[in-house]
**Q** 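Below is one structure. I have some questions about it.
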Amino acid sequence: MATMTLLKAINNALDQQLNNDKSVVLYGEDAGFEGGVFRVTAGLQKTHGKDRVFDTPISEAGIIGTAIGMASNGMRPVTEIQFSGFMFPGFNQMAVHMARMRNRSRGKYNLPIVVRMPYGGGVRALEHHSESLETLFAHIPGLKLVIPSTPYDAKGLMTAAIKDNDPVIYFEPKKIYRAFKQEVPEEEYEVEIGKARTVQEGSDITVVSWGAMLHETMKAIKELGDDISVELIDLRTIAPMDSDAVVESVKKTGRLLVVHEAVKTLGIGSELISRVNEGAFFHLEAQPTRLTSPDITVPLPKGERHHIVDAPRIKQEIEKVAYFE
Amino acid sequence: MATMTLLKAINNALDQQLNNDKSVVLYGEDAGFEGGVFRVTAGLQKTHGKDRVFDTPISEAGIIGTAIGMASNGMRPVTEIQFSGFMFPGFNQMAVHMARMRNRSRGKYNLPIVVRMPYGGGVRALEHHSESLETLFAHIPGLKLVIPSTPYDAKGLMTAAIKDNDPVIYFEPKKIYRAFKQEVPEEEYEVEIGKARTVQEGSDITVVSWGAMLHETMKAIKELGDDISVELIDLRTIAPMDSDAVVESVKKTGRLLVVHEAVKTLGIGSELISRVNEGAFFHLEAQPTRLTSPDITVPLPKGERHHIVDAPRIKQEIEKVAYFE
Amino acid sequence: MLFDQYDPLKGEMFTVLDKDGKVVNKDYEPSIDDETLVHMYKTMQLARIADIKALQYQRQGRMLTFAPVQGQEASQVGPMAATEQKDWLVPAFREAAAMLYKGATLYQNYLYWYGNELGSQYDEGVNIMPVNVPIGSQINHAAGVAHAAKIKGTDEVAITYIGDGGTSNGEFHEGVNWGGVYDLPMVTIIQNNQYAISTPRSQATRAKTLAQKAHAYGIPGIQVDGNDALAMYAATSEAVKRARNGEGPTLIEAVTYRMGPHTTSDDPTIYRSEEEVNEWREKDPLTRFYKYLANRKLWNKEKDDALQEELKKFVADTFKQVENAPHPTLDEVFDYTYETLPEDLKRQKEAIRAYQEQQESGGDE
Amino acid sequence: MLFDQYDPLKGEMFTVLDKDGKVVNKDYEPSIDDETLVHMYKTMQLARIADIKALQYQRQGRMLTFAPVQGQEASQVGPMAATEQKDWLVPAFREAAAMLYKGATLYQNYLYWYGNELGSQYDEGVNIMPVNVPIGSQINHAAGVAHAAKIKGTDEVAITYIGDGGTSNGEFHEGVNWGGVYDLPMVTIIQNNQYAISTPRSQATRAKTLAQKAHAYGIPGIQVDGNDALAMYAATSEAVKRARNGEGPTLIEAVTYRMGPHTTSDDPTIYRSEEEVNEWREKDPLTRFYKYLANRKLWNKEKDDALQEELKKFVADTFKQVENAPHPTLDEVFDYTYETLPEDLKRQKEAIRAYQEQQESGGDE
Ligand SMILES: Cc1ncc(C[n+]2csc(CCOP(=O)(O)OP(=O)(O)O)c2C)c(N)n1
Ligand SMILES: Cc1ncc(C[n+]2csc(CCOP(=O)(O)OP(=O)(O)O)c2C)c(N)n1
Ligand SMILES: [Mg+2]
Ligand SMILES: [Mg+2]
């Protein structure tokens with residue numbers, strides 16, 4: 001065991017998989033020599049060589065498109081998009097090819113690709129550096145999307161993502177890259193993709209969140225004290241969504257609050273609410289609720305406070321839903 | 001009054017606006033000389049000249065990107081994406097610029113752009129020619145998205161879209177381009193963007209649909225006979241969504257079925273269900289339900305029947321929801 | 001060196017055969033063994049006949065929309081003949097002839113355009129990527145295939161195709177550029193068939209040739225007579241040799257013409273004249289190659305008649321097989337979404353199965 | 001003609017001034033009136049001082065991340081001086097000097113990087129598009145601005161900027177190509193400052209020069225010494241003249257260097273050597289231009305000292321103003337999403353307002 005930040009845990013998983021499997025390669029803009037703008041991949045080029053860990057031109061379509069070609073020809077590419085807000089030029093490749101090649105070729109070509117991208121706001125960044133674009137990926141059949149909220153999960157999910165024979169989008173909550181440390185095994189392990197994690201059990205209300213927002217939610221729950229018994233679920237895999245875990249929990253608690261950074265309309269909350277309706281309608285004691293950013297563009301830093309969801313507001317919303325009669 | 005197909009009604013609206021407003025220009029791949037692969041813009045280049053109605057290179061980013069520049073410099077571009085499945089290379093421009101320029105420049109630049117694209121399946125087409133990608137646009141703040149289901153609305157919504165000072169995505173249900181005719185006024189008129197249309201009033205269940213699927217739904221309702229009193233709503237504007245109309249209706253009927261072509265997960269149904277939960281929770285007599293395509297890639301024609309939602313299935317689902325106790 | 005000798009900026013086009021199948025460029029006549037020459041011809045004929053037949057079937061409502069290859073057979077078969085089994089073909093969507101040469105079966109080609117994904121499940125060891133509809137995006141796949149080859153240290157080469165219209169697309173740029181940056185074993189062939197649907201080549205770019213776009217990437221570029229199978233063979237051979245030697249990618253513009261419609265949904269008479277079509281008919285790649293073979297005594301009318309008979313029958317039989325092939329099942333359309341179907345998707349599938357079974361059993365309640 | 005004379009394929013670079021501000025290319029010394037020359041210099045100094053100050057503020061935690069312009073002032077001010085008020089500037093994100101010359105105020109520039117959208121609300125008649133962060137996408141905007149000018153029949157020209165790294169992006173390709181297809185009044189200036197963050201120019205493309213990419217689009221391309229304000233002025237003048245005459249677009253590669261970090265989050269010492277930076281310091285665009293003006297007796301040390309004093313004070317005052325500017329209100333961050341706020345969005349806004357008011361009034365229940 002070693003204690004690691006979330007960032008370090010990702011780096012550790014990458015290093016390990018580059019070591020264990022020669023078909024793993026890693027690339028992205030500035031991801032090689034300097035180890036990425038956040039230094040997530042620091043040291044990996046030095047250890048694994050310029051052929052397997054390298055910088056690319058500014059070409060998101062190229063990064064994803066070549067990963068598709070590489071994977072078709074036997075590699076397991078781990079690619080980096082510098083910020084999720086810059087994924088759009090590569091979205092064509094992800095939506096029309098990466099998600100479909102297995103189906104299109106009836107299994108002749110499958111694409112074990114990982115697409116890493118830092119995401120999320122609250123870091124006083126420039127435009128396009130704070131987006132939460134889960135929906136755009138989770139809506140596309142054939143893609144998987146995971147988001148770790150702890151160093152342990154970060155390593156385990158990354159390991160599982162690299163070993164997965166389907167493409168996995170891996171969102172990195174940049175706000176908590178270095179926020180705290182956790183014990184993380186040095187040896188290889190996987191966190192199963194597709195399984196949510198129950199952070200704490202409870203009986204009054206089910207609260208679902210993920211990524212950096214999970215920590216804001218945990219702060220809120222701490223503030224609540226013992227008045228309300230919260231079952232907190234870290235969704236962790238956004239697609240394919242472990243809605244069963246959420247539905248089962250709501251069957252027990254009768255109440256649901258989803259908290260996320262992405263905008264309200266068609267955010268992941270809408271799908272969870274729908275699935276809870278479908279699976280636990282008669283258990284509902286209050287309307288399933290979501291607390292999200294509003295349907296506006298992420299403001300530049302001086303306006304960000306109007307946009308972001310914070311612990312006091314989450315606390316208030318948990319109370320509202322839990323006490324609703 | 002003249003009787004027109006949906007396709008002709010769009011052509012008529014375009015012709016009229018090109019006539020009335022010199023700042024309107026129209027372009028897209030093959031949209032000029034031959035009038036587009038569906039001939040929606042047939043004759044317009046001849047009438048309005050090659051400067052204002054023209055063919056473009058195969059460059060979706062160029063089509064949307066130049067529209068942004070043109071609109072910033074005083075024009076009202078109406079652009080065409082040949083099929084909605086090919087919008088991805090232009091999605092960057094739509095998501096990161098078109099949706100944001102008014103906000104980014106605090107009103108100095110606003111973008112009166114229309115982006116037309118044929119969408120939807122059931123036409124035995126090649127891969128990428130049958131998608132229903134409403135969600136990808138409706139999730140982005142700053143965009144509007146409309147879908148006509150009748151010639152009357154097609155003309156009225158197109159006129160409104162061109163006159164709108166914000167960017168409007170205009171989905172054309174290609175399956176019903178020429179399916180039927182309707183009386184359409186020759187003079188200019190607008191159908192308000194943001195307002196759903198109640199196709200028929202009813203008291204037992206609210207059914208919501210749009211585009212070609214609305215007609216499949218109407219077929220199903222006809223089959224139902226008088227046993228169930230259906231309130232049918234044509235959502236018509238997907239964004240900004242007139243969920244108030246749906247919520248009000250469900251307050252009356254207590255039941256909701258959303259029918260759409262797009263995949264289930266994070267389809268428009270999920271948002272409508274969530275909003276109905278938020279606005280009419282205590283009126284619900286059955287779980288709000290959606291009938292959608294499954295979460296798979298649109299199959300090639302020989303497999304399409306496993307994918308598409310048809311009238312008998314809609315009928316069955318209406319019955320299920322309506323009779324649920 | 002071939003690529004130094006022809007300067008696309010001066011509009012120089014590389015040709016080996018003239019219209020009558022005579023070699024006009026002795027220095028660059030490739031030495032191809034007789035068997036291969038005949039195989040090239042046969043494949044061109046197969047592609048041609050399959051195309052014509054498919055058009056008939058389509059008019060009869062038995063075939064869906066497809067993208068005819070007629071007129072472009074030389075620019076596809078020539079290059080493929082210059083590659084080895086291990087090399088990769090990364091096609092756009094009009095490369096039926098190339099695919100046939102590279103090892104796709106006619107049954108597979110037809111099945112695909114008939115609307116069944118199984119048509120893209122090429123046999124083991126056949127390195128073809130599936131038909132690629134979104135314009136331009138295949139170029140980056142080819143760069144990736146080539147990049148993998150380089151990293152693995154194999155000497156596979158990736159050959160990719162794009163249309164004249166496709167060169168306007170950003171992914172063409174990113175993919176060809178990527179190949180240059182990493183010196184990848186990659187050959188990009190632009191089939192300049194003069195049109196992108198109804199839009200003429202002149203609307204694709206202001207550049208006089210498409211080959212000169214190579215300058216943007218610091219790689220060799222050459223304009224080749226695309227209706228000349230030998231020239232296409234020779235240019236590709238040279239490019240493949242460079243690629244295998246680690247000298248990097250090459251851009252080849254094949255100047256050719258699409259004799260048929262863009263797809264069977266297209267009416268080309270709207271945008272091009274009969275004279276123009278007839279002019280190009282004179283340059284038919286099959287006729288030229290036939291004459292070359294005949295000059296070399298490798299082929300004659302008798303053999304040709306027999307071949308045509310044989311191919312017609314083969315094509316008809318194959319199409320019948322396709323028509324009789326089972327349609328994709330419910331399981332097939334779901335189960336390739338992921339390696340393992342997620343729970344919720346299983347439920348979605350079973351709900352449809354239940355509905356379908358109920359419909360088939362006649363009841364709807 | 002300038003553009004015929006310098007062939008980027010031969011690596012010829014256009015220069016007017018040498019390091020000591022001496023004119024080494026008399027034929028192309030532009031005739032600029034004295035007032036304009038001084039104004040150019042002053043703007044370069046303003047940009048430089050504003051940059052250095054902002055870096056200090058940033059280190060003090062008073063300014064957010066921004067993209068320094070230091071070293072690239074000539075490649076921005078030169079071209080802008082060659083345009084007219086009606087022409088458009090379509091920047092990337094490192095064009096602070098160009099924006100200042102074109103009519104953005106320092107207050108606006110600072111406000112933007114301070115994290116307030118109001119900084120992009122340029123004054124009426126100031127034809128600048130906002131800072132454009134997504135690499136490459138601005139080129140298509142410029143093509144559109146120019147296309148509108150052409151359709152309207154005005155003679156506005158669109159000048160757009162992109163970095164060396166940005167040329168790898170597909171939108172660069174689509175935008176420059178679009179300009180060529182429609183012969184648009186458009187000038188694309190590549191500021192080749194040798195790096196894309198940590199990635200050297202050599203990784204952006206295998207092409208020896210970026211100017212030669214013009215061949216891909218059939219338009220003139222020229223490599224210019226980007227630290228030479230006069231050369232940049234002359235080349236842009238010529239390009240603007242062509243554009244206004246309806247002769248179409250031009251591609252200019254300005255060879256320059258980013259003296260500072262990529263942004264204030266970047267540590268350039270990781271990827272480049274001090275020697276390299278020092279070499280470029282010798283070519284400082286301000287020093288060269290100062291010497292030119294001094295040679296022409298338009299400027300001297302005394303004036304310069306006074307200017308520096310004045311600008312430092314102006315910059316400090318402006319920054320204070322920015323620090324005292326009100327932050328965007330709740331209404332501001334919502335109300336520009338659409339011309340008219342949709343009902344549901346109004347409700348979302350009011351819910352946040354209610355929460356904020358309650359928080360401010362101290363209660364949380
Ligand atoms: C990204 C994208 N946009 C539009 C289309 C629609 N489309 C299909 S083929 C075609 C024209 C292609 O022309 P060209 O590249 O010259 O190839 P050709 O058809 O002549 O072989 C277009 C626009 C597409 N398939 N993909
Ligand atoms: C589409 C996109 N991808 C990635 C980024 C992140 N990014 C910001 S600046 C930059 C490097 C730009 O290099 P260059 O074009 O040379 O401009 P310079 O910074 O040198 O002025 C990158 C990769 C971005 N802004 N947009
Ligand atoms: Mg073509
Ligand atoms: Mg740079």
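Chain identifiers are assigned alphabetically (A, B, ...) following the order of the sequence lines, protein sequences preceding nucleic acid strands; residue numbering begins at 1 within each chain.
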**Q** Could you state the interatomic distance from CD (C:E117) to CZ (A:R102), rounded to the nearest 0.5 Å?
**A**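 Result: 14.5 Å between the selected atoms.
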
**Q** Sub-3.5 Å donor-acceptor pair from the side chain of C:K152 to the main-chain atoms of A:N73, do we have one?
**A**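 Yes; judged by distance alone, with no hydrogens or angles, the pair exists.
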
**Q** What's the separation between atom CD1 in A:I68 and atom CD in C:Q138, rounded to the nearest 0.5 Å?
**A**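 With rounding to 0.5 Å, CD1 (A:I68) is 11.5 Å from CD (C:Q138).
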
**Q** So A:Y27 and C:H147, would you call those rings parallel, tilted or perpendicular, with 30° and 60° as cut-offs?
**A**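 Aromatic pair A:Y27/C:H147 classed parallel.
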
**Q** Using a strict threshold of under 4.0 Å (side-chain N to carboxylate O), is an ion pair present between A:K108 and C:D123?
**A**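 No, no charged N to carboxylate O under 4.0 Å.
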
**Q** Using only atom types and a distance under 3.5 Å, with no angle test, would you say the side chain of A:D166 pairs donor to acceptor with the backbone of C:E339?
**A**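 Answer holds: yes.
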
**Q** Looking at C:Y338 and A:G142, would you say the former's side chain and the latter's main chain have a donor-acceptor pair under 3.5 Å?
**A**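 Judged by distance alone, yes, a pair lies under 3.5 Å.
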
**Q** Please tell me whether A:Y109 and C:H141 form a close aromatic pair, meaning their ring centres lie under 6.0 Å apart.
**A**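 Ring-ring flag for A:Y109/C:H141: false, centres at least 6.0 Å apart.
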
**Q** Can you measure from OG1 (C:T337) to CG (A:L143) and round to the nearest 0.5 angstrom?
**A**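 With rounding to 0.5 Å, OG1 (C:T337) is 11.0 Å from CG (A:L143).
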
**Q** State the CG-OG distance between C:N140 and A:S59, to the nearest 0.5 angstrom.
**A**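 Separation between the atoms: 5.5 Å.
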
**Q** Which one, C:V133, C:I128, C:N177, leads in non-hydrogen pairs under 4.5 Å with chain A?
**A**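 Option with the top pair count is C:I128.
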
**Q** For A:N92, which atoms come within 4.5 Å of any heavy atom of chain C: side chain, backbone, both, or neither?
**A**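 It is the side chain, since no backbone atom gets that close.
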
**Q** I'd like to know if C:D335 and A:R106 make a salt bridge, using a cut-off of under 4.0 Å between side-chain N and carboxylate O.
**A**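 A:R106 and C:D335: not salt-bridged.
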
